[in-house]
Engineer: 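To start, I am sharing the structure in question, which I have written as structure tokens.
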Amino acid sequence: MREIDEVMEGILEFATGKGLQIDLPMIPIADVERILKRVGYDRLEENDTNGWQVDFWYYFKKEDKSLCLSGSLFYGRYKLTRES
């Protein structure tokens, strides 16, 4: 449980304006979405995936700010980047 708390704290800190990218461990994408929703970000419908590696890009927006959660389900790496 402690690891999830640390991840949540890191995501919340990033989403409120610190840094351009944060690397995340494999946690459910729904958990990342819930954390971002807590600070006012909504997931956009324009999601993208490709190939057998299941690379993905999910976009989130809050007012004039946007974030992208991307990664690979095959390799198990996620990152959250600031788009604007």
Engineer: Mind checking side-chain hydrogen bond (donor to acceptor under 3.5 Å, both in side chains) for S66 and listing every partner two or more places apart, or none if nothing turns up?
Structural biologist: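 Once residues adjacent in sequence are excluded, the partners of S66 under the side-chain hydrogen bond (donor to acceptor under 3.5 Å, both in side chains) criterion are S84.
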
Engineer: Could you list the residues that satisfy side-chain contact (heavy atoms from CB on, under 4.5 Å) with T81, not counting sequence neighbours?
Structural biologist: Q21, C68, K79, E83

Engineer: Quick one: ring-ring contact (aromatic ring centres under 6.0 Å, His included) partners of Y58, sequence neighbours excluded?
Structural biologist: F56

Engineer: Only pairs under 3.5 Å count here: list side-chain donor-acceptor contacts from residues 35-43, not counting sequence neighbours, and write none if there are none.
Structural biologist:
residue: K37; atom: NZ; partner: D42; partner atom: OD1; Å: 2.9
residue: Y41; atom: OH; partner: A15; partner atom: O; Å: 3.3
residue: R43; atom: NH1; partner: E33; partner atom: OE1; Å: 3.1

Engineer: Kindly indicate whether the side chain of Y59, heavy atoms from C-beta on, has any atom under 4.5 Å from the side chain of L67.
Structural biologist: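 In short, these two side chains do not touch, never coming nearer than 4.5 Å.
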
Engineer: Can you run down the salt bridge (Lys or Arg N to Asp or Glu O under 4.0 Å) pairs that involve residues 54-64, sequence neighbours left out, and say none if there aren't any?
Structural biologist: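 Output for this query is empty, none listed.
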
Engineer: Give the cluster check for L69 versus V54: same hydrophobic cluster or not, with ILVMFWY residues linked at side-chain heavy-atom distances below 4.5 Å.
Structural biologist: yes

Engineer: If hydrophobic clusters are built from ILVMFWY residues whose side chains come within less than 4.5 Å, do L44 and Y78 share one?
Structural biologist: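 Unlinked, L44 and Y78 end up in two clusters.
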
